[in-house]
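A short worksheet on the structure shown next.
Every chain is numbered from 1 and lettered A, B, ... according to where its sequence line falls, protein lines coming before strand lines.
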2 protein chains.
Amino acid sequence: MSAVQEDLTARARLRDAAIEGFAAGGFDESLRAIAARAGVSAGLVRHHFGSKELLRAECDATVLDRYRTLKTDSLKTEPAALFAQFPSSRESGILLVYILRSVRDGGSAGRLFLERMVEEALVFTKGAVTSGLVVPSRDEDARVRLLIHQAIGGLIVYFAMRPDTPLDDFVSVMEQFYAETMLPTLEIYTEGIFTDRTYLETYLAYIAETSSTPADLARKAP
Amino acid sequence: MSAVQEDLTARARLRDAAIEGFAAGGFDESLRAIAARAGVSAGLVRHHFGSKELLRAECDATVLDRYRTLKTDSLKTEPAALFAQFPSSRESGILLVYILRSVRDGGSAGRLFLERMVEEALVFTKGAVTSGLVVPSRDEDARVRLLIHQAIGGLIVYFAMRPDTPLDDFVSVMEQFYAETMLPTLEIYTEGIFTDRTYLETYLAYIAETSSTPADLARKAP
DNA sequence: CCCCAGACTATACATGCGAGTAGTCTCCTA
DNA sequence: TAGGAGACTACTCGCATGTATAGTCTGGGG
C-alpha cells in the first residue's frame, strides 16, 4: 500500500503520503486514507499537524519548495525549452499533478503556483524577445499570462479526460501529451493561424478608438 | 433565495435549480441545498428523479440540449467569430459554467461536451481553411483539439482564480476575460511567437526520422 | 531503576450526507 | 360526492468524515 519511504520520521512520511494522496485522489482524500498510505493511524495527523487544514498548508509549502528546487535544477541541465518542462521522474510527476489540482481547485496555493509560473515565464520571454527568438508583444504581461493559463488549463483538461491515470504511469502519459500537442503548438507558434492581419488590425483600431491602451484594458483584473 | 421561475412544475424547477446549484457550487452541492433553491423539500428529488445520480444525468442532458439550441441560434445571428462565443445572458452563463465544471471534473458529461465542441470547431476550421482565412495544418484534428482544450482550460483556470464569481456577474467577468485575452490571442494567431522556423523544422525532421507520420504520432490516445 | 515526555493507537463524538419510509395533502375523475 | 393516484413533506437510517479524548507504548535522562 505505502509507496512512501520507510526511513523517515512518521511526521515526514505522513506529509509525503498526504501530498501523494492529494495528488492521486484530490484534496478531499480522507485523513484515514492518508494515514493508511503512511502506515499509521489517523489520529496521528492531529497529533503532528493539529488539523487537516494545517496538514494541507504544510503540503502546499513543501510542494512549492520542491518545485522551486526542481525548476532551478532542470534549468541547469537542459537548455530550457519554451513552456515545456518534462516531469522526468515519478516524484516530479506527483509534484506536477499536485500543482495542477491546486490550480484547478482555485485555492490560495493554486493562485501562488500560477503566479510564480507567470513570473518565471515573463522573465524568460523577455529575454527571448531581446535575443530575437520571440516576436515582441504589445502587452508582454497579458501574452505570458494567456500562454501560461492555457498551457496549464490544457493540461488540466487533458488529465480530466483521463481520470484514473495512476501516478506511476504519469510520465508516459506526459510523453503522450507532448506527442499529441507538440506539432500543432509549434505550427501555431511558427506560422500563426490567420492568413492575413485583418482581425488583429481591426481589433487594434477598436481598442484605439475606445481611448484606452491595450495594457489598460488588459489590466483591470484584481 | 430561489432564482428559479415560479410557473414551472416542481420537477422542472428542481431540475433548473440543480443546474444552477451545480454551476454555482459544484457537483457536490447537496440535495438539501438544491431543494431549498427550488423551494421544495429534499425528499422530492427522490420522488421525481430516484437518486442524485439520475438528477445529475437529467441535468447533463438538459444542458447539452440547451447548449445545442443556443449554439445554432447564435450562429444564425452573428457571423461566428472564431472560438469566441459570448454568453450574452445569465442563462447562457449558467450553461457555460456548468459545462466548464463538467469538463473540469472529468466525467462522461464533460467528455461529451468537449468532444462536441471539438467536432464543431473542426468543421468550422476546415471551412475556414478552404476559404483561405486560416493557415492549413499538417494535422487539423490535433490542432483543433489543442485549441479547444486550451481555450476551455484557460477559462477553467481563469474562473478558478475567481472562485466566488456570482452567476449574475458572470457576463461582466466574461467581458473582462475577453478584454484581457483578445489582444494576445489575435497577436499569436496573426503573427505567431517564434521569429524563425527552426524549432518547427527540427521537430518535423525528428518525427520524420522516427518513421511515423505526424497524424500517427498524435493519434495514439484512447 | 525509575519515570515521564512524546509518539502513537483506539475509540467516541458531532455533523452532514444520500437514501429510504410512512404518511398527508390535493386535485381530477367516475 | 367518494375515492384514488400522484405530489409533497417530515422523519429516520446507515455511513463517512474531521475532530476530540483517553489511554498505551517506548526510549532516554535522573
Side-chain angles (χ1 to χ4, degrees), chain A residues 1-2 4-62 98 101-102 105 107-109 163-164, chain B residues 1-2 4-62 98 101-102 105 107-109 163-164:
Chain A
M1 162 155 332
S2 164
V4 181
Q5 295 190 15
E6 196 59 46
D7 58 342
L8 291 174
T9 69
R11 189 176 199 281
R13 269 190 299 142
L14 218 29
R15 166 176 38 70
D16 288 357
I19 292 175
E20 215 174 292
F22 286 152
F27 295 109
D28 287 338
E29 187 88 340
S30 77
L31 291 184
R32 287 165 175 83
I34 292 171
R37 190 185 288 263
V40 298
S41 78
L44 200 59
V45 171
R46 174 174 167 79
H47 177 64
H48 279 303
F49 299 94
S51 73
K52 189 183 191 180
E53 192 180 354
L54 291 172
L55 170 62
R56 166 75 195 274
E58 188 149 329
C59 290
D60 288 342
T62 302
Y98 187 101
R101 277 223 140 92
S102 302
D105 290 14
S108 58
D164 25 72
Chain B
M1 160 144 342
S2 165
V4 181
Q5 294 191 18
E6 196 58 45
D7 58 341
L8 290 174
T9 68
R11 189 176 199 281
R13 271 190 298 140
L14 219 29
R15 167 179 35 73
D16 288 357
I19 292 174
E20 215 175 291
F22 285 152
F27 295 109
D28 286 340
E29 188 88 340
S30 77
L31 290 184
R32 288 166 175 85
I34 293 171
R37 191 185 287 264
V40 298
S41 78
L44 197 59
V45 171
R46 173 175 167 79
H47 175 64
H48 279 303
F49 299 94
S51 74
K52 190 183 191 179
E53 193 179 353
L54 291 173
L55 170 62
R56 166 74 195 276
E58 188 149 329
C59 289
D60 288 342
T62 302
Y98 187 102
R101 277 223 139 92
S102 302
D105 290 15
S108 59
D164 25 75

For [X] and [N], what is the distance between atoms [atom1] and [atom2] respectively, to the nearest whole Å?
X     : N      : atom1 : atom2 : value
B:H47 : C:dT24 : NE2   : P     : 17 Å
B:I34 : D:dT9  : CD1   : P     : 15 Å
B:H48 : C:dA19 : NE2   : C1'   : 17 Å
B:L44 : C:dA19 : CG    : C1'   : 15 Å

- Give the B/S/- string for nucleotides 11-25 of chain D, one per nucleotide from 5' to 3', where a protein heavy atom under 4.0 Å of the base yields B, of only the sugar-phosphate yields S, and otherwise -. ------BBBBB----
- Task: State whether the side chain of B:R32 and the backbone N or O of B:A42 hold a donor-acceptor pair below 3.5 Å, judged by distance alone.
- Result: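 Between the backbone of B:A42 and the side chain of B:R32 there is no qualifying donor-acceptor contact (under 3.5 Å).
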- Query: How far does CG of B:D16 sit from CZ of B:R37, to the nearest 0.5 angstrom?
  - Reply: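 Here the interatomic distance stands at 11.5 Å.
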- Message: Nearest 0.5 Å, please: how far is CD1 in B:I34 from CD1 in B:I19?
- Response: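 Here the interatomic distance stands at 10.5 Å.
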- Just checking B:V45: base, sugar-phosphate only, or nothing, at a heavy-atom cut-off of under 4.0 Å?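 If one applies the 4.0 Å heavy-atom cut-off, B:V45 turns out to touch nothing in the nucleic acid.
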- Query: Where do A:R101 and A:F22 land on the side chain to side chain contact (heavy atoms under 4.5 Å, CB included) test, with the steps shown first?
  - Reply: CA-CA 8 Å; A:R101 277 223 140 92; A:F22 286 152; over 6 Å; no
For residues 48-60 of chain A, run the donor-acceptor check on the side chains, cut-off 3.5 Å, and write out each pair with its distance to 0.1 Å, sequence neighbours left out.
from: A:S51; atom 1: OG; to: A:E53; atom 2: N; distance (Å): 3.4
from: A:S51; atom 1: OG; to: A:L54; atom 2: N; distance (Å): 3.3
from: A:K52; atom 1: NZ; to: A:E29; atom 2: O; distance (Å): 2.9
from: A:R56; atom 1: NE; to: A:D60; atom 2: OD1; distance (Å): 3.1
from: A:R56; atom 1: NE; to: A:D60; atom 2: OD2; distance (Å): 3.3
from: A:E58; atom 1: OE1; to: A:R11; atom 2: NH2; distance (Å): 3.3
from: A:E58; atom 1: OE2; to: A:R11; atom 2: NH1; distance (Å): 2.5
from: A:D60; atom 1: OD1; to: A:Y98; atom 2: OH; distance (Å): 2.6

